[in-house]
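Input: a single structure, listed below in structure tokens.
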Amino acid sequence: MPELPEVEAIARTIEPLIAGRRILATRLLHPIVARNSPCDTDGPLSLANARARKVIGVCRRGKYLLIELDRGWLAYHFRLSGQFVWYDRRRPLGHVDFALDFPSGTLGFVDERHLGRVRWLDRPEDLPGIARLGLDPLSRDFSGERLAGVLRGSRRPVKLVLMDQEKIAGLGNIWTAESLWQARIDPRRRAETLSGRETRDLARSVARVVRRALKSCLDPAPDFRNPEWWFENGDKMARVYAREGRRCGRCGAVIRRVEQGGRSTYFCPGCQR
DNA sequence: ACGGAAACCTGGACGC
DNA sequence: TGCGTCCAGGTTTCCG
């Protein structure tokens, strides 16, 4: 479920719990989370490479969460329903798919839906999904000009381009919808038809929406010790997402839902042009 | 090369 | 209560 701001918040919050610690053991309780293809057997085995390694740090690329080890990396993708849960020594493991045991406790990757994935890698770029990631909205390089380069020549709806991880890394359905609302741009517009001014507005809106979402994800920060923890910022901050039939807080028109690329898109027909 | 649709999984919400 | 259907904040793969 998490998009860029949520994964960034998870990375920043989990790092102090595990940085500098050594992994005593890895436990793969549900091998499907380590599989890329239905008959892949290499993925699950390679996770054992993390055993006895020390954690250097934790970071994010796109929606991937990376744990850097003193040799190799662990790459997590939460997809729709994956999350981290922390168990200290006293508490028994709940439903966990993949666990890292530290002296101080266990970091569990939990995903009852089993769409999330964990991989061990020599280098992050070894995973094609990471190697091909596009521009990161939190990076200093993210600008109207760079966004213009991405939109130029694309006949696809601007919403689909924003969500294309090879173009812009980390945006998902919620924050894309919110960014387009912020910039007053209709998500159905062909990307190449945006003017220079609209493109600059959109870049500013994306950066602002993502930064504000990150801030709210960190206040309060995730509580990994509570297995039920989850972000609430989506509901609180959404101006259009999942608000079909309600009135736009900016112009009063009724918010619509349409389908794009098989996903729901929410927008205000009154002020998004 | 590009774009659209289906597949991958499971649980929860909703209607009858 | 039970059952069917639809939906979900994502990515990869397949197909035209």
Side-chain angles (χ1 to χ4, degrees), chain A residues 1-10 29-40 43 60-65 75-84 94-98 109-119 127-134 137 150-181 187-188 190-192 206 209-210 212-214 216-217 222 227-245 257-267:
Chain A
M1 279 150 104
E3 303 180 26
L4 180 158
E6 290 81 7
V7 180
E8 180 72 27
I10 292 169
L29 302 143
H30 206 132
I32 190 172
V33 302
R35 217 165 57 180
N36 340 301
S37 58
C39 46
D40 173 30
R60 172 196 62 80
R61 296 219 199 157
K63 297 173 200 167
Y64 289 87
L65 182 137
Y76 291 81
H77 199 298
F78 300 102
R79 297 271 179 101
L80 290 177
S81 50
Q83 60 174 322
F84 277 158
H95 168 88
V96 167
D97 296 309
F98 176 65
F109 178 74
V110 180
D111 187 357
E112 51 190 15
R113 220 172 133 185
H114 296 138
L115 288 168
R117 290 293 181 264
V118 190
R119 296 289 307 275
L127 196 59
I130 293 178
R132 290 201 293 261
L133 285 171
V150 163
L151 301 182
R152 192 173 298 133
S154 173
R155 305 169 53 77
R156 303 161 75 192
V158 60
K159 192 245 191 176
L160 296 185
V161 177
L162 290 180
M163 284 186 62
D164 184 338
Q165 300 301 301
E166 297 185 20
K167 303 286 191 285
I168 308 288
L171 294 181
N173 216 15
I174 293 190
W175 302 122
T176 300
E178 295 301 313
S179 299
L180 287 162
W181 180 84
R188 301 168 297 179
R190 303 279 149 202
E192 62 182 4
V206 167
V209 163
V210 162
R212 281 180 46 208
L214 170 59
S216 83
C217 285
E228 308 294 315
W229 80 273
W230 197 243
F231 299 105
E232 289 166 19
N233 60 329
D235 296 338
K236 279 188 299 196
M237 296 180 62
R239 295 291 172 265
V240 283
Y241 182 78
R243 295 176 64 86
E244 181 185 20
R257 180 177 79 94
V258 295
E259 194 161 293
Q260 290 183 291
R263 317 277 307 275
S264 290
T265 297
Y266 300 89
F267 70 103

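Proteins get letters first, then strands, A, B, ... in listed order; numbering begins at 1 in each.
Within 4.0 Å of A/Q165, counting heavy atoms only, lie sugar-phosphate atoms of the nucleic acid but no base atom. Among the atoms of the strands shown, none is found under 4.0 Å from any heavy atom of A/G116. Across all strands, A/R155 comes closer than 4.0 Å to no nucleic acid atom at all (heavy-atom distances). As judged by a 4.0 angstrom heavy-atom cut-off over every strand, A/S81 is placed among residues making no nucleic acid contact. Counting non-hydrogen atoms under 4.0 angstrom, A/G262 reaches nothing in the nucleic acid.
Between A/H114 and B/dC8 there is no side-chain polar atom (N or O) within less than 4.0 angstrom of OP1 or OP2. Contact check, A/R35 against B/dC9: a side-chain N or O comes under 4.0 Å of OP1 or OP2. Dashed line: the shortest gap from a side-chain N or O of A/R156 to OP1 or OP2 of B/dG3 is under 4.0 Å.
The separation between A/L4 atom CG and C/dG9 atom C1' is 13 Å, rounded to whole Å. As rounded to whole Å, 15 Å separates atom C1' of B/dC14 from atom CD of A/E244. Atom NZ of A/K167 and atom P of B/dA1 are 12 Å apart (whole Å). One interatomic measurement links the two molecules: CD of A/E112 to P of C/dA8, which rounds to 18 Å at whole-angstrom precision. Remark: P of C/dT11 and CE of A/M163 are 8 Å apart, rounded to the nearest angstrom. In this structure, A/L171 places its CG atom 10 Å from P of C/dT11, rounding to the nearest Å. The distance between atom CZ of A/R117 and atom C1' of B/dC8, rounded to the nearest whole Å, is 7 Å. One interatomic measurement links the two molecules: CG of A/D111 to P of B/dG12, which rounds to 13 Å at whole-angstrom precision.
Checking C/dT12, C/dG10, B/dC9 against every side-chain atom of A/H77, the shortest atom distance belongs to C/dG10. Side-chain proximity of A/E3 to the nucleotides C/dT11, C/dG9, C/dA8 is greatest for C/dG9. The listed nucleotides are B/dC9, C/dA8, C/dT11; the one nearest the side chain of A/L115 is B/dC9. Considering only the side chain of A/K63, C/dG10 comes nearest among C/dT12, C/dG10, C/dG9. For A/Y241, the listed nucleotide lying nearest its side chain is C/dG9; candidates were C/dT11, C/dC7, C/dG9. Considering only the side chain of A/R79, C/dT11 comes nearest among C/dG9, C/dT11, B/dC9.
Under the 30°/60° scheme for interplanar angles, the aromatic rings of A/Y76 and A/F98 are found to be tilted. A/F78 and A/F84 have perpendicular rings, their planes meeting at more than 60° on a 0 to 90° scale where under 30° would count as parallel. Taking the six-membered ring for Trp and thresholds of 30 and 60 degrees, A/H30 and A/H114 have ring planes inclined between 30 and 60 degrees apart.
Base-pairing analysis of DNA chain B finds the following stems of at least three consecutive Watson-Crick or G-U pairs, with both pairing distances under 3.5 Å: B:2-8 with C:10-16, B:10-16 with C:2-8.
Look at the P atom in both B/dA5 and C/dC7: the space between them is 15 Å, to the nearest Å. Rounded to whole Å, the separation between the P atoms of B/dA6 and C/dC6 comes to 13 Å. Across B/dG12 and C/dT11, the matching C1' atoms stand 22 Å from one another, rounded to whole Å.
Atom CZ in A/F267 sits 14.0 Å away from atom CD in A/E178 (nearest 0.5 Å). The structure places CZ of A/R239 at 15.5 Å from CG of A/L180, a figure rounded to the nearest 0.5 Å.
Between A/E3 and A/K63 there is no salt bridge, since no side-chain N of the basic residue sits under 4.0 Å from a carboxylate O of the acidic one.
Under the salt bridge (charged side-chain N to carboxylate O under 4.0 Å, His left out) criterion, A/R156 pairs with A/D164, sequence neighbours left out.
Between A/D97 and the choices A/I32, A/V33, A/L29, the side-chain contact (heavy atoms from CB on, under 4.5 Å) rule is met once, by A/V33.
The backbone N or O of A/S81 lies less than 3.5 Å from no partner atom in the side chain of A/Q83, so there is not a single donor-acceptor pair.
Judged by distance alone with a 3.5 Å cut-off, no donor-acceptor contact links the side chain of A/R263 to the base of C/dA8.
Heavy-atom distances to DNA chain C give each of A/N173 and A/G129 a nearest nucleotide, and the one nearer the 5′ end belongs to A/N173.
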